[in-house]
S.K.: 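Below: one structure in structure tokens.
By convention in this document, chain letters (A, B, ...) are assigned in the order of the sequence lines, proteins followed by strands, and residues within each chain are numbered from 1.
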Protein chains: 2
Amino acid sequence: MARRQRPAREEPGTGQQGGQQGGRRRPKAKPGSRRGSRAPVSAAVTASGRKVDAETRREAILDAALAVFAEHGYEAARLDDMAARAGVAKGTLYLYFKDKEALFEALVRGAVSPIMGRLGEAAAAPGMTVASVLELFFAMFQKEVLGTRRKLVLRLVISEGPRFPALAEFYYREVVSQGLKMMRNVARHGVATGELSSEALARFPQLIVAPLLLATIWDGLFSKIDPLDVPGLLRAHRELLLGFSARSAP
Amino acid sequence: MARRQRPAREEPGTGQQGGQQGGRRRPKAKPGSRRGSRAPVSAAVTASGRKVDAETRREAILDAALAVFAEHGYEAARLDDMAARAGVAKGTLYLYFKDKEALFEALVRGAVSPIMGRLGEAAAAPGMTVASVLELFFAMFQKEVLGTRRKLVLRLVISEGPRFPALAEFYYREVVSQGLKMMRNVARHGVATGELSSEALARFPQLIVAPLLLATIWDGLFSKIDPLDVPGLLRAHRELLLGFSARSAP
DNA sequence: GTTATATGACTGACTGGTCAGTCAGTCATC
DNA sequence: GATGACTGACTGACCAGTCAGTCATATAAC
């Protein structure tokens, strides 16, 4: 009877193995034998004397959770896996997050916030041309999203968003609408200065980011079959947006 | 003890209710009391005399499966739901498909094939300009994908593809690589005739389809918050691709 | 310095609801 | 009477969430 056989799983306990501080084991302790089979996140002792401070542990859990959610999707992600990866017991997850959903949302929220601010400054700098903003924006996306595990978060939002309306709304509010507003302002500026010959981008700033989305999805689906030359793609994209030959380098 | 509480479910038996052909019910038939609580897909009797022919039933199952997979994602989709929607018992699903995964793959394969052929003819017609091919291609995508449940299939591929390498490869082979090849040929043609002033599209035909992808994802995530004017988006996109003012109408 | 007690972070076996897949049984049709 | 499409109760793996129990550390008392 073939049963809910899941795709390949990592073996448990793949976290950082290490300084098991030899708590004596009794032959058959009923429940909870401390440090039973798991390594602490770090052997370093914090200033307060605790083995690992709460923030570090929280990060470790979020880190592990991202890996597992990204690999299996929300529903198929097992909390046991996350716990094992984070080097804690499952119960510990519940000391830090109310439930699976809260953990998932915390993950997305945490990955999003730090980026948007920096983008804002860049786009608002005076004397910026459209070409230079696009250059900067695309470089930033490659470095901070495609080049990091944040791309996994973006993919999770795309995949799981339809089933988490609250998440989609949060993402729209914090990322999409803000990003589009910036891009729209840049485009309007470009039209005003004559750098852009069409109002298309001012009306649909989505056209600026569409290839970034494509690159993210391609990376997840086809990169093994046919890797995408993302820098080349984005250069070509800038070329089209700016209406031919815009081969500027910073 | 809060347990795997799933998101809102449709009540079972939402399929086409109808002609229960009054098979007599015994008070407590042990197993399988035929036509227990479910409506047949159709009351029409086929030429061969069977209540419903195999192909029709297969379609009904695929139809129901698409709805359930699309709503809940692969893992969270319940075969019981699909069966209820299709108006059959769960066991019947296994007469038509080996298992959940085979059903999922059949779904995607079935939705994909009919489209590609037509696109091919359109792009190969002699005397076609880039502008007219794009016009046609975008219209076709709006009508045949965004306008139908095929968009759900596309979204499923995007969402579940990373966990189904075989599916991603199939989709790449049958759709992506073929579509890009066509687009690349069209772009090369455009460069040769002078209709396109840049080789960007010939190098990265992905740039042509990126906004279609964006539209599909937007529709799934944000359409309730901020609906996207897809025809406008694609008009603006054509404008940019063709290097300004391309406001043609068919 | 040593021992006793308190604290709370952490553990992991366990519970109970869930659901993919099975198969003995039913019945319309041949 | 035989065939085979169809049924649906059932099995057993599965896993989110719980909580009684453990122990490192801190603090107090001697």
S.K.: Could I get the full list of ring pair (Phe, Tyr, Trp, His ring centres under 6.0 Å) partners for B/Phe97, not counting sequence neighbours?
M.R.: none

S.K.: Rounding to a whole Å, what distance do you find between B/Leu93:CG and D/dG8:P?
M.R.: 12 Å

S.K.: Can a donor-acceptor pair under 3.5 Å be found between the side-chain atoms of A/Lys90 and the base atoms of D/dG17?
M.R.: yes

S.K.: Atom CD1 of A/Ile61 and atom C1' of C/dC10: how far apart are they, to the nearest Å?
M.R.: 11 Å

S.K.: From CG of B/Asp80 over to P of C/dT22, roughly how many Å is that when rounded to an integer?
M.R.: 14 Å

S.K.: If you check the B/Ala89 side chain, which of D/dA16, D/dG8, D/dC6 turns out closest?
M.R.: D/dG8

S.K.: Which nucleotide wins on minimum distance to the side chain of A/Lys100, given the candidates D/dG17, D/dT7, C/dC10?
M.R.: D/dG17

S.K.: For C/dC23, does OP1 or OP2 lie under 4.0 Å from any side-chain N or O of B/Tyr94?
M.R.: no

S.K.: Provide, to the nearest angstrom, the distance between the CZ atom belonging to B/Arg78 and the C1' atom belonging to C/dG21.
M.R.: 15 Å

S.K.: Would A/Arg57 pass as a cation-pi partner of A/Tyr96, given that its NZ or CZ must be under 6.0 Å from the six-membered ring centre and within 45 degrees of the axis?
M.R.: no

S.K.: Would you please name every residue forming a ring pair (Phe, Tyr, Trp, His ring centres under 6.0 Å) with A/Phe104, sequence neighbours left out?
M.R.: A/Phe69, A/Tyr74, A/Phe164

S.K.: Do the side chain of B/Lys98 and the main chain of B/Leu103 share a donor and acceptor less than 3.5 angstrom apart?
M.R.: no

S.K.: Give the rounded distance in Å between these two atoms: CG of A/Asp99 and C1' of D/dC19.
M.R.: 17 Å

S.K.: Calculate the interatomic distance between B/Leu95 atom CG and C/dC23 atom P; express it in whole Å.
M.R.: 13 Å

S.K.: Round to the nearest Å and state the distance from B/Asp53 atom CG to D/dA5 atom C1'.
M.R.: 13 Å

